[in-house]
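Working notes, beginning with the structure itself.
Basis for what follows: all heavy atoms, side chains included, without hydrogens, waters or symmetry-related copies.
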Amino acid sequence: MAEPFAMPRGWRTLLTFALGKSNDVKWSARGLLKLAPHLVLYFQNSSKARHAQISNVNAQLALHATHDHAPLIQASGSGNLISQDGFCEVYRDGRAFEAASKDTERLMSTYGVRARILDGEAFRAEEPAFLTTPAGAVHWQNCWSCNDPGGLTAAYSQLFSKRGGKHPDR
């Protein structure tokens, strides 16, 4: 997506994490000490201004990723591993869907992300296998997915060798 996940900065949320009252974060004292320098940087980079700068760069990388991978996918003969249909986030809760819709509109206008916002009936018409009608869905259209990442990596590796590349461990 366009924006990386920012570390929550609210002290109540951080206290909830620290006390283990949330399943969002599982931590140990040993792991915390080892990761402390990285967590400090993550916290600093999650400030509103810094996160906006990082998101602008990240969005450009993400929006070009499919275009940049397309020739490699074709040359490696691995197109059968890729789905170009995007993906849908389905919401059962109306308030969550409303919040997601507003955020999606913001991402579309800020970064040029392509998405469709579907109310529950429209989504169900496209996906009749759903037994109940959800509140709605967001269909992210810029995204591709791979059904076998290991297979894609192997195909890229073979293409690399075929084009004269040398693997350092071989």
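Summarising the geometry of A155 relative to S76, their closest heavy-atom pair is O-CB, 3.7 Å, with the distance given to 0.1 Å. Heavy-atom minimum distance, T104 versus A115: CG2-CB, 3.7 Å. Scanning both residues, G77 and N80, for their nearest heavy atoms gives O-OD1, 3.7 Å. Contact between R163 and A75 at its shortest, heavy atoms only, is NH2-CB, 3.3 Å. Of all heavy-atom pairs between Y91 and A137, the closest is CD1-CA, 4.4 Å. The shortest heavy-atom contact between L63 and V113 is CD2-CA, 4.2 Å.
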Dump the intermediate steps for side chain to side chain contact (heavy atoms under 4.5 Å, CB included) on I82 and L152, then the final yes or no.
CA-CA 9 Å; I82 306 298; L152 181 63; 4.2 Å; yes
Run the numbers on C88 and F123 for side chain to side chain contact (heavy atoms under 4.5 Å, CB included), then give the verdict.
CA-CA 10 Å; C88 288; F123 177 77; 4.1 Å; yes
Side chain to side chain contact (heavy atoms under 4.5 Å, CB included), that's the test. Do L107 and E3 meet it? Break it down for me.
CA-CA 9 Å; L107 293 171; E3 295 176 330; 3.7 Å; yes
F87 vs W144, test: side chain to side chain contact (heavy atoms under 4.5 Å, CB included). Steps then yes/no.
CA-CA 8 Å; F87 77 94; W144 290 0; over 6 Å; no
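Residues Q44 and L41 meet the side-chain proximity criterion, which asks for heavy atoms closer than 4.5 Å. Residues P71 and Q74 have side chains not in contact (no heavy-atom distance under 4.5 Å, counting atoms from C-beta outward). Put simply, the side chain of E126 reaches to within 4.5 Å of the side chain of L118, judged on heavy atoms. Side-chain contact between H51 and P4 is present, with at least one heavy-atom pair separated by less than 4.5 Å. Counting heavy atoms from C-beta outward, V25 and T16 have side chains that stay 4.5 Å or more apart. At least one side-chain heavy atom of Y156 sits under 4.5 Å from a side-chain heavy atom of H69. Contact check for F97 versus R92: no side-chain heavy atoms found under the 4.5 Å cut-off. At a threshold of 4.5 Å between non-hydrogen side-chain atoms, the residues W27 and F17 do not count as touching.
Under the 4.5 Å side-chain heavy-atom criterion for ILVMFWY residues, a single connected hydrophobic cluster contains both L32 and Y42. Following chains of ILVMFWY side-chain contacts shorter than 4.5 Å, one cannot reach I54 starting from V40, and the two form parts of different hydrophobic clusters. Linking Ile, Leu, Val, Met, Phe, Trp and Tyr residues whenever their side-chain heavy atoms come within less than 4.5 Å places I73 and L159 in a single cluster.
Atoms CD and SG, from Q84 and C143 in turn, are 12.0 Å apart once rounded to the nearest 0.5 Å. Here the straight-line distance linking atom CG of D148 with atom OG1 of T153 works out to 8.5 Å at 0.5 Å rounding. Rounding to the nearest 0.5 Å gives a distance of 4.0 Å between CZ of F43 and CZ of R9. For the atom pair CD of E105 and OG1 of T110, the computed distance is 11.0 Å after rounding to the nearest 0.5 Å. Here the CZ-OG distance, from R50 to S55, works out to 10.0 Å after rounding to the nearest 0.5 Å. In this structure, OG in S101 is found 9.5 Å from CG in D119, a value given to the nearest 0.5 Å.
For R106, the CZ atom sits in a packed shell: over 12 heavy atoms of surrounding residues, nucleotides or ligands are nearer than 6.0 Å. Heavy atoms of other residues, nucleotides or ligands lying less than 6.0 angstrom from CD of Q141 number more than 12. For Q53, the CD atom sits in a packed shell: over 12 heavy atoms of surrounding residues, nucleotides or ligands are nearer than 6.0 Å.
For H167 and F160, the gap between ring centers is short of 6.0 Å.
With hydrogens and angles disregarded, a donor-acceptor distance shorter than 3.5 Å links the side chain of S46 to the backbone of M7. At least one donor-acceptor pair under 3.5 Å links the side chain of S28 to the backbone N or O of G31.
At a cut-off of 3.5 Å, with distance as the only test, no side-chain donor of Q60 or Y111 sits close to an acceptor on the other residue. Side-chain contact annotation: T133 with R124, donor-acceptor N/O pair under 3.5 Å present.
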